[in-house]
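As the structure is a prediction and not an experimental result, all values here were calculated from the model. No hydrogens, no waters, no symmetry mates; every other heavy atom, side chains included, goes into these values.
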Amino acid sequence: MAKIRATAAEAALPPEDAPEAAPDEMLPISQRAMLRRPDGYLDALNAEQREAVETLEGPLLVLAGAGTGKTRVLTTRIGHLLSLGRARPGQILAVTFTNKAAREMKHRVAQLIGGAVEGMPWLGTFHAIGVKIMRRHAELVDLKPSFTVLDTDDQIRLIKQLLEAENIDEKRWPARQLAAMIDGWKNRGLVPKRVPDGESFGFANGKGRDLYAAYQRRLKELNAADFGDLLLENLRLFQEHPDVLEKYQQRFHYMLVDEYQDSNVAQYLWLRLLAQGTNNVCCVGDDDQSIYGWRGAEVDNILRFETDFPGAKVIRLERNYRSTAHILGAASGLIAHNQGRLGKTLRTDSDDGEKVVVEGCWDDEEEARIIGEDIEQLQRQGHSLNEIAILVRASFQMRAFEDRFITLGLDYRVIGGPRFYERQEIRDATAYFEVTLNPANDLKFERIVNVPRRGLGEATLKALHQLARANGIPLTQAARIIIETEDLKPKPRKALADLLAAFDRWRALIDGMRHTELAELMLDESGYTGMWQADRSQQAQGRLENLKELIRFMDEFDTLAGFMEHVSLVMDAATEEGTDRVSLMTLHSAKGLEFDTVFLPGWDEGLLPHQRSLDETGRSGLEEERRLAHVGLTRARKSAKITFAQNRRTYGMWQTAVPSRFIDELPHEHVEVAEDKGTRGYGPSRFESAETLFASGFYETPGWQRAQRNRQSGGGGPRREPLTIDGTLVAASTAQGSGLDVGERIFHQKFGYGRVASIDGNKLTVDFEKAGRKKVVDSFVERV
DNA sequence: AACTAATACTTTTTT
DNA sequence: AGTATTAGTT
């Protein structure tokens, strides 16, 4: 086992560390000269960008609005540092939040400096860099260098076990909730003993902090760290070991942070410690694009930059190179409603272009139909589908579009979605690999002990747990003991013995066999591939494909351990390029991208300012939602269209929706209401009024005003002044005993006439004459 | 231990 | 509405 750890540790310290061994890694003179040529990289910048690139010493905040060349500044700055010989690649720390951004930056730096330098060893996500540092000093944070990074699944599983051990009712205090709390604490840089009493009481009557502490202890026993630890433990490392900190302070001559508005407290503290060395820290960000507050990001970090880093210089990039004047005007007008901004005024030299179009739809299906038609129209006009995107607030919205596009035969791609690594089959497969490498990983062992089914169920697991807990040993070791006894029935005993033997066999092959072959062997011999082959379901084929893809991906690494290092942090599904497809994604995953044409469906009150955001974080939540809307609009280069639905299904029930308040906040001069094409008639006659409504100038129409009234009155109840932030969304909650009885004949806006089949509170099951059996909320039906 | 039925929960976003 | 988890049954 010691041997295995050694391999893992070696793999964890890849050759990128070479700079120390090969001291002079400065770019060759010829290359530096090339970078200096007069038509070179600096000339391509505007005055502010250039200043941002050339201000090398001291703290610098670059406030870069959407489309102002933020990435260009960052990469040019790195190139500049290298070409001036101010730093070697290994002396520049450059952190991003996403793997995508890290890849992009690596790529562009390589382009800039001609790919001569073998990458930048310290360019990566906060988490990836955190792991790298922690592996080198693992013992100082009570881990072994081969520690594994837990995914969210394992995290929950572990917490469940803790709750069980403490006899806490998981119904009342769900593991997810505790996981979220612990995450939150870690994001704020709080170790267990620093958790405030009040918050500790938020879980299981004050056991929150103790559970957190117990969880951390279990992690150490398992030699594992969760995502939060990659930052928190790093911070602890620096705080408790000034000598280590000093080493890194000296190493990093220049520090760059991308998307600083997304940083959380732990990241901020980490950065500030490092910056106390040279103080050459450059943060790039946009407070108007801070959309990860719910995940612990602190807009405050960017708002306070000048106080945190005394003597800081602030440069604003306000020239937008992306969007037309109308789009920019609409976006700026919207975001101006936020308070607590650093304030930027985006300018552009572009033409006015087209106004932002707003169109109301009957329901989400019509929304998808209208947008589908628009896209087909664009396609006929010769636009590339790759330049069209649909940006939604929540992923459930995607479904209507996917359905529609499939019937239209329109090619689309979903960006984001479940990450490759998060798929069940990938997690299972990597669990096999992990247990082979590290038999002490109880969580992974538990994951696959009975996958595929081997007859090792609850009873066996319980026995194993008991033995393991009593002796303080890993499950696999307990298994080894238990198969020598009579404690298990013959069948499970044999199955367990076989499994252990298999792991031993695979482990013996690690050094003697190509790791991709070994991986295939493991999946075959364990019966895992067989399990999916035998599965006749729709998805089984896809899962097998994914497993193949996994093996292909592994090929890019030299060892199994080296692959495992990256799998949890950096692996995401390959996005096939090449084909012409419409992109479908959430607003969050659209940040940093741009398209000629952007569709923004679902600007409904409760969905675009998302109700949950409003409920949980009030005003600041509303402002974050507004920033999300702003991010959406600013993705568009040439045209943007906003739609909303008047009826939407939530949790399977129809509710009337009200247009988003953000629509009203758009400056009139940059907006036009969709003209009536006369081809969109839909079902019931009441829709005709909606058509005329949109044809005759939106803001003055009766329909619009009705929507306004609805918004303010909370859905027909007694009038309430402007919808309060935590006001509930129209219908559902206003139902006061409907007085309906089973068997009564009713009318519903969408489904027409029907008879009540059963009543459950305010939820009705109705047999409609045309639409069949549906569940609806009683306030949407009227007695006839 | 495995299968079926009932119930609860969902719909923010990501390393 | 649909999925995921859980409880109850064989």
Distance, P atom - from C:dA4 to B:dT13, rounded to whole angstrom = 15 Å
For C:dT6 versus B:dT11, give the span between their C1' atoms, rounded off to a whole number of Å.
-> 22 Å
Let me know the distance between [atom1] of [X] and [atom2] of [N], rounded to the nearest Å.
| X | N | atom1 | atom2 | answer |
| --- | --- | --- | --- | --- |
| A:Leu628 | B:dT14 | CG | P | 11 Å |
| A:Met653 | B:dT11 | CE | C1' | 13 Å |
| A:Asp364 | B:dT11 | CG | P | 16 Å |
| A:Gln424 | C:dT3 | CD | C1' | 14 Å |
| A:Arg176 | C:dT5 | CZ | C1' | 12 Å |
| A:His127 | B:dT14 | NE2 | C1' | 9 Å |
| A:Trp270 | B:dT15 | CH2 | C1' | 14 Å |
| A:Asn234 | B:dT15 | CG | P | 18 Å |

Gap between atom CG of A:Leu74 and atom CE of A:Met105 - 0.5 Å precision = 4.5 Å
Of the nucleotides [options], which one has an atom closest to the side chain of [X]?
| X | options | value |
| --- | --- | --- |
| A:Phe227 | B:dT13, B:dT15, B:dA1 | B:dT15 |
| A:Arg649 | C:dA1, B:dT11, B:dT15 | C:dA1 |
| A:Ala459 | B:dT11, B:dA1, C:dG2 | B:dA1 |
| A:Arg399 | C:dG2, B:dT15, B:dA1 | C:dG2 |
| A:Ser589 | B:dA1, B:dT13, B:dT14 | B:dT14 |
| A:Thr98 | B:dT10, B:dT14, B:dT13 | B:dT14 |

Classify the angle between the aromatic ring planes of A:Tyr528 and A:Trp532 as parallel (below 30°), tilted (30 to 60°) or perpendicular (above 60°).
-> perpendicular
Test A:Glu486 against A:Arg493 for salt bridge (charged side-chain N to carboxylate O under 4.0 Å, His left out), laying out the working first.
-> CA-CA 9 Å; A:Glu486 303 292 326; A:Arg493 186 174 158 187; 3.5 Å; yes
Close side-chain approach of A:Trp270 and A:Leu231, heavy atoms under 4.5 Å | no
Is the shortest heavy-atom distance from the side chain of A:Glu259 to the side chain of A:Lys591 under 4.5 Å?
-> yes
State which residues pass side chain to side chain contact (heavy atoms under 4.5 Å, CB included) with A:Asn187; sequence neighbours excluded, sorted by chain then number.
-> A:Asn264
Checking all strands, does A:Phe396 fall into the base, sugar-phosphate, or nothing category for heavy-atom contacts under 4.0 angstrom?
-> base
A:Arg619 and A:Glu623 ion-paired at < 4.0 Å = yes
Can you find an N or O donor on one side and an acceptor on the other, under 3.5 Å apart, linking the side chain of A:Arg295 with the base of B:dT14?
-> yes
Is the backbone N or O of A:Gly293 less than 3.5 Å from a side-chain atom of A:Glu624, with the two atoms forming a donor-acceptor pair by type?
-> yes
Could you tell me whether the side chain of A:Ser290 and the main chain of A:Asp287 form a donor-acceptor pair under 3.5 Å?
-> no
A:Arg543/A:Glu425 under salt bridge (charged side-chain N to carboxylate O under 4.0 Å, His left out): CA gap, chis, key distance, verdict = CA-CA 6 Å; A:Arg543 295 192 196 271; A:Glu425 64 276 16; 2.7 Å; yes
Would A:Trp294 count as stacked on B:dT13 if the rule is ring centres under 5.5 Å and plane angle under 30°?
-> yes
Between B:dT13 and A:Ser395, is there an OP1 or OP2 to side-chain N/O distance shorter than 4.0 Å?
-> yes
What's touching nucleotides 7-10 of chain C from the protein side, N or O pairs under 3.5 Å?
none

From CA spacing to verdict: ring pair (Phe, Tyr, Trp, His ring centres under 6.0 Å), A:Trp294, A:Tyr292 = CA-CA 5 Å; A:Trp294 51 273; A:Tyr292 284 106; 5.7 Å; yes
If you find the nucleotide of DNA chain B closest to A:Thr152 and the one closest to A:Thr460, which residue's nucleotide is nearer the 5' end?
-> A:Thr460
Comparing A:Phe126 and A:Glu625 on DNA chain B - which has the more 5′ nearest nucleotide = A:Glu625
Set out, line by line, the N/O atom pairs under 3.5 Å between protein and nucleotides 2-4 of chain B.
{"from": "B:dC3", "atom 1": "OP2", "to": "A:Arg453", "atom 2": "NH1", "distance (Å)": "3.4"}

